[in-house]
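Not measured: the values here are computed from a predicted model. The basis for the numbers below is simple: all heavy atoms, side chains too, and nothing from hydrogens, waters or symmetry mates.
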Amino acid sequence: MANFRKISGLAALASAAALPALADTAPAVANSGDTAWMMTSSALVLFMTVPGLALFYGGLVRTKNMLSVLMQCTLITALVMVIWVFWGYSMAFGGGPSPYWGGFGKLALAGVTKDSVSGTIPEYVFSVFQMTFAAITPALIIGSFAERIKFSALLLFIALWSTLVYFPIAHMVWDSTGLFFKMGAMDFAGGTVVHINAGIAAFVGCLMIGKRIGFGKDNMAPHSMTLTMVGASILWVGWFGFNAGSALAANGTAGLAMINTFVATAAAILSWSAVEGMARGKASMLGAASGMVAGLVAITPACGFVGPVGAVVLGLVVSPICYFFVTTVKSSFGYDDSLDVFGVHCIGGITGALLTGIFASTAFGGVGYPDGQTMMGQEIVQIEAVLTTIIWSGVVSAILYKLVDMVLGLRVEADAEREGLDLSSHGEAAYHS
Amino acid sequence: MANFRKISGLAALASAAALPALADTAPAVANSGDTAWMMTSSALVLFMTVPGLALFYGGLVRTKNMLSVLMQCTLITALVMVIWVFWGYSMAFGGGPSPYWGGFGKLALAGVTKDSVSGTIPEYVFSVFQMTFAAITPALIIGSFAERIKFSALLLFIALWSTLVYFPIAHMVWDSTGLFFKMGAMDFAGGTVVHINAGIAAFVGCLMIGKRIGFGKDNMAPHSMTLTMVGASILWVGWFGFNAGSALAANGTAGLAMINTFVATAAAILSWSAVEGMARGKASMLGAASGMVAGLVAITPACGFVGPVGAVVLGLVVSPICYFFVTTVKSSFGYDDSLDVFGVHCIGGITGALLTGIFASTAFGGVGYPDGQTMMGQEIVQIEAVLTTIIWSGVVSAILYKLVDMVLGLRVEADAEREGLDLSSHGEAAYHS
Amino acid sequence: MANFRKISGLAALASAAALPALADTAPAVANSGDTAWMMTSSALVLFMTVPGLALFYGGLVRTKNMLSVLMQCTLITALVMVIWVFWGYSMAFGGGPSPYWGGFGKLALAGVTKDSVSGTIPEYVFSVFQMTFAAITPALIIGSFAERIKFSALLLFIALWSTLVYFPIAHMVWDSTGLFFKMGAMDFAGGTVVHINAGIAAFVGCLMIGKRIGFGKDNMAPHSMTLTMVGASILWVGWFGFNAGSALAANGTAGLAMINTFVATAAAILSWSAVEGMARGKASMLGAASGMVAGLVAITPACGFVGPVGAVVLGLVVSPICYFFVTTVKSSFGYDDSLDVFGVHCIGGITGALLTGIFASTAFGGVGYPDGQTMMGQEIVQIEAVLTTIIWSGVVSAILYKLVDMVLGLRVEADAEREGLDLSSHGEAAYHS
Amino acid sequence: MKLIIAAIKPFKLEEVREALTSIGVRGMMVTEIKGFGSQSGHTEIYRGAEYAVNFVPKVKLEIVVSDGLVDQVLDTILKTAKTDKIGDGKIFVLDVDQAVRVRTGETNDDAL
Amino acid sequence: MKLIIAAIKPFKLEEVREALTSIGVRGMMVTEIKGFGSQSGHTEIYRGAEYAVNFVPKVKLEIVVSDGLVDQVLDTILKTAKTDKIGDGKIFVLDVDQAVRVRTGETNDDAL
Amino acid sequence: MKLIIAAIKPFKLEEVREALTSIGVRGMMVTEIKGFGSQSGHTEIYRGAEYAVNFVPKVKLEIVVSDGLVDQVLDTILKTAKTDKIGDGKIFVLDVDQAVRVRTGETNDDAL
Ligand SMILES: Nc1ncnc2c1ncn2[C@@H]1O[C@H](COP(=O)(O)OP(=O)(O)O)[C@@H](O)[C@H]1O
Ligand SMILES: Nc1ncnc2c1ncn2[C@@H]1O[C@H](COP(=O)(O)OP(=O)(O)O)[C@@H](O)[C@H]1O
Ligand SMILES: Nc1ncnc2c1ncn2[C@@H]1O[C@H](COP(=O)(O)OP(=O)(O)O)[C@@H](O)[C@H]1O
């Protein structure tokens, strides 16, 4: 987010221009238009998580596990938000000088008041916007081990994961002292910190937790493709807050991020449907919804840097790649990533991160690289950022899963899994007639 | 809303600072950023009502009564909006000098044009924002007597109730000549006028209408916890319009209201789930959704006055209190408040109103009291406002229920109730396979 | 949209006043408040389409065709957006001098950068906002031949229809060189270009494709009135982006469009329910939802021109007219317009377009006519615009249906229709238990 | 052994089940069905399209009992399911050849 | 009395019900079932996971009639449910010992 | 011919169906039912309101076979549906008078 400013000096132009004199002479005052947009964006990102992601995932599980998915999304959101206030914001944006974390300077939002300003918006709004990112990222993870995770274990894992994986990586990417930020990695709205990060943690999770009982044998068809489509659509709508909100202002860069988020997604829907049409003769709703999410994931790092035609190409490209992973690769290796978090978020995120480095080139209609950087040089930076994230998140996640497994056990009993988590973990049923 | 300005002079600082000179010398012109935010907020509050509240409530009733709940929310919204144009706005904000109502000066929006400005926004936008509050408040009531009310009777009751209860109390709280406003009651976004007000009217309603046939014997489990969760989530998302919109501007106060609306809710979700976990060994989705709403209700009066840590504490506290009311108290007394409007909205609202008076203290990170006011003094004001609302709304509601019962009958026939209101009152069924 | 400026010079006053000097002397810079609102509006119009319209329509079909409706809405959206980037924007707003289309000057968004400004907002945002209109319009059409259209044929038809019908008519209405624009037709947010246009194309479509198997004999009751209500509500919420967004700024005119969009809709809900109550003794949810949409359609052309009381009257009037069409007229003539696109969108749109010419009069609280225009004169212009649209869209649509029928066949096999399009065209089922 | 099939009103299910349990019935199968009979259905109108729904929601019980219990079961259902309004339902009795409990392999009366 | 059980195609239900009514059948129980038979199901693919759905939606009718009506009922169902395509369904006839109408206590043929 | 009615655990359906197919059963009717028996249900609590759900989801199979196949069918179901936990289900056998295939009009054993 903030980092697009440094990278090229281009992105923040429009908004910066609006109050140059003021910024130096008078105390900073928030710009009402930027504030309006960022509050809207924050609400949109919450909307993505509950009910967006919850429905997208929930529709894909069997009826007997519906509420468990909804509960996991809801409680993760609640838990991370409370943690955010106490130590998350500080660890990510506490103002400390380390490239790895923000320090403890803003524990419990110390020093932040309603008159504090961050850029052109109130600091509370900046904090809230970032908080919504911190909440949705771990919620993405649950898709890989849905229908078998123990509820208490999940919450403990997420509390630890947010603290030891998310906050540090958010700092690295978006804080001006952060590691990737200094490297000049281009990640407009969080391709690495959100999607690759969650995607790899999910992948490790499903490997360590193991397959669902009956995997590959029982009919595990989505209980409501309707809800999945609703969830995916809400994700798309909310994602404008996520992507265009990452401009941290209502300006031309936000507009660019917005159009890209529209058209890359549109293109990815078309290409997933086309691939399906060719592979099995019919385009399915799950395919279109998957393409939608894949396109959104892929454009996330790129949205403020590439042009609309580049965005369309990015969208066209990402779906076949993800399709290949959720069909061929998954079935060859036989892991049970229940809702394809790895195949869509991690692979889609990597695709986006790497192509950002290419399509950002002015030659392809992008906004160009930071001063002195070449396409090749940028690509190397992009790769470094991706690899660092994969390793950090992958290794720490593995340790945390192991730890939680020892303390609480990661998985429910076989009978509980068979009965369904709704009844066995939450004591209710999603539907009664 | 408007009243936070008077109370401390703090709240409106940021936005006021932006146009001091202008305000005196030139004709008032709306600020585009504030206007953008208030239009967004208005749309969000409609979103809370339809489909938010409609789904939250609808999911909780049995299949056979689903459409009746949706219809009641929809028609109440429509009815109140039309009334609002003709006499509601005037009765609440007509500019009259009475502490109890706004007079008839703005019947049919007389004198309001697209150039009229209220504060920093077009008066149409102010009117629209207030209208959405007027629509959702009576819709909250229906939860207490769901599954048995006669449709025509409900509409008549709501038309009267809005006129004789809502508009006057809205005037008292939010108009600068209003009774509570002058007393210095702190109610940022409508804890009294919306939640306590509707909650007590609902309580009186379920007592007067009586229990559902089969209450305590038949399985009345929610027909779709999924829809209830979706509705609750939409309420949360929309509530940012409700709460942060009550700043009437896109500024630091709105930002404060927003972060509080996030974190108090998050905390209340956690504490409701924790209480349930301790009481029955499992945290349920209905519990988390109830905690969500309880947290939102409680933070409503407080959101522009307390700090984020105070908001978290408020959230943690409100859920156990509401939980106690919807479980122990309700079952001891045996009233049939079908969807717990009293236990969540009235009790949650009272909790919020009283704690606002405490956590607003700068000692607890709040913005402080109006000049010269002490915590004790403020608490007395808060209590007065709460009691006045309870008495006014309780007594007038009781009279109106009685009246409507005499004219039309409040309740459907037993057979119609057993068949379900969807078929008997609306001639359709919610689902066909 | 833009055309309200020309017509009276009134509408844009507030926003225009904000930057008069600037506009001439300095390079145009986007206004952050207007930009914030227009980005919000664009997201809202997408929200109308997916999942709004998809659910509104989807709930009305039988279970076995649910996904086909969702897929059609999703893929049309995706397809039109990609087309928009390549030639749609240019054909509508390419800057060419023709009254019929915009030329090829902006193919692939040539020349548009993040610093391009259109009015007071970034051109990307203007383009995105318009793009969402281009996507929802053809999606409206599908309702008339739902449950029997061949998927591939639909996509081909829509690609052609957008190109040969939508883009030209959008140019005629909203571009300052456009035919209707020059005639002074008052169509604030697209009554002709969106609703009449789609409505007549839909009507021609259902005539040419023929009735569903079992029409008038089998029970074709909506599979989920709940989803239909949710979809209608989302349409209402999103329509503020559509209508108030058509002010292209966050100002008093947007506020006027917003209040009108609230109250006309509310009035139309009430009057549809009232008519139903009189005709069959019960008001249904489908009736209220239909009234909601009819009210929204009717106020669309009028929302920036009439006053709130005029809007209420417009809403009260439109429902009985549409009711008459979807009941009496449809059953007399026996065409199978499955989801009443003609009866609601076309008829509602015509009602709105014609009444705009009347209620815009200052005598009825409207903003008045362009200089020198009389009510009678304006009505003639309105009628001309309506007729031109009906003829252009009707004739070209008929030709395109014929063409597509010859190339691909418009309709699925009888067995596929009986099995349901979800399985036969998309290979999945909407629900599994 | 006999198979007793009863179609009753849905809201009577709990009451009937309890009454049967109290006279010693230990198992049954319950199915939601659409009943057709002298009780008439209802009409739904959707935007002018009228659908006569001829079926009424009922619950079907299937209970296998030893011959000795048949009369008592019939009596109990007759008493508890009765509301004296049309559509109260029907009871049919059929002969059962064999019964087996899957878990134990016990047969006939032992299996019930 | 006989119990006639018929599994038919869902879209034939209305037609069959009407035809049966016209020959004097006054009641039946209708259940949505999954049928398994020579008519094959379909395959659904979800992101590469393939599910063979072996069952086909059918509707089961259960009709108790007096012995005299059995042949006519069979004939009527045979005629109206037939589409000449695979999966048209089966009809089975079982013997019924007793029938009782809950509302009145009437028994056997009087109860039908 | 005999009608074999079996109530089994839902997750056993596929296994049982396959096993039956392999011994020559060519058709059946499958219904989702609520079972009541010695296996107890569960309790759901909604904001303090407690609902004892006495019924357990089961699947009911109805299979008409020629007399010769009955024992084999019973054996097969007994073997495949068994988990040795309470609630494994019951099987009942009834006599069938007639069977007809709608499509062809074939009767009795030919119709199965
Ligand atoms: N001949 C029959 N065969 C099977 N089921 C029947 C028969 N007659 C009635 N039923 C069942 O019994 C229910 C009640 O019967 P109905 O005729 O409506 O009322 P009543 O028994 O009070 O006269 C019906 O809905 C149907 O399910
Ligand atoms: N032996 C059987 N026992 C019970 N039901 C059967 C039997 N055979 C077929 N059915 C039912 O009849 C339906 C139609 O049978 P099927 O074999 O598919 O077609 P057809 O009768 O045209 O050969 C099946 O779906 C099933 O519900
Ligand atoms: N007497 C009976 N008549 C009809 N169905 C029965 C009967 N007893 C049991 N069932 C069915 O068999 C299922 C399993 O029976 P249950 O008593 O719970 O377990 P088990 O057979 O292991 O003792 C029940 O859920 C019910 O559907």
Can you say whether [X] sits under 4.5 Å from chain F via the side chain, the backbone, both, or neither, judging by heavy atoms?
X        : value
D/Thr107 : neither
D/Glu106 : neither
D/Leu3   : side chain
D/Val96  : both
D/Arg26  : backbone
D/Ile33  : neither

Would you indicate whether the side-chain heavy atoms of [Y] and [X] approach each other to under 4.5 Å?
X        : Y       : result
D/Ile63  : F/Phe36 : no
D/Leu13  : F/Lys34 : yes
D/Val100 : F/Leu78 : yes

Apply side chain to side chain contact (heavy atoms under 4.5 Å, CB included) to D/Glu62 and F/Lys60, showing your working. CA-CA 11 Å; D/Glu62 290 167 297; F/Lys60 181 175 73 172; 2.6 Å; yes
Region of F/Ile86 that comes under 4.5 Å of a non-hydrogen atom in chain D: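 When you check distances to chain D, atoms from both the backbone and side chain of F/Ile86 fall under 4.5 Å.
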Region of F/Phe92 in contact with chain D, defined by heavy-atom distances below 4.5 Å: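 Interface part for F/Phe92: both.
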For each of F/Ala6, F/Gly35, F/Gly89, tally heavy-atom pairs with chain D at distances under 4.5 Å, and name the one with the top tally.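 The option with the most such pairs is F/Gly89.
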Inter-residue atom distance [X].[atom1] - [Y].[atom2], 0.5 Å rounding:
X        : Y       : atom1 : atom2 : value
D/Arg103 : F/Lys82 : CZ    : NZ    : 10.0 Å
D/Thr21  : F/Asn54 : OG1   : CG    : 8.0 Å
D/Thr104 : F/Asp88 : OG1   : CG    : 9.0 Å

With distance as the sole test, does F/Lys90 use its side chain to make a donor-acceptor pair with the main-chain N or O of D/Ala111 at under 3.5 Å?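 Side chain of F/Lys90 to backbone of D/Ala111: a pair is present.
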Can a salt bridge be assigned to the pair D/Asp97 and F/Lys2 using a cut-off of 4.0 Å between side-chain N and carboxylate O?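 Judged by the 4.0 Å cut-off on N to carboxylate O distance, D/Asp97 and F/Lys2 do form a salt bridge.
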Verdict with reasoning, D/Gln98 to F/Leu94, per side chain to side chain contact (heavy atoms under 4.5 Å, CB included): CA-CA 7 Å; D/Gln98 294 181 50; F/Leu94 283 79; over 6 Å; no
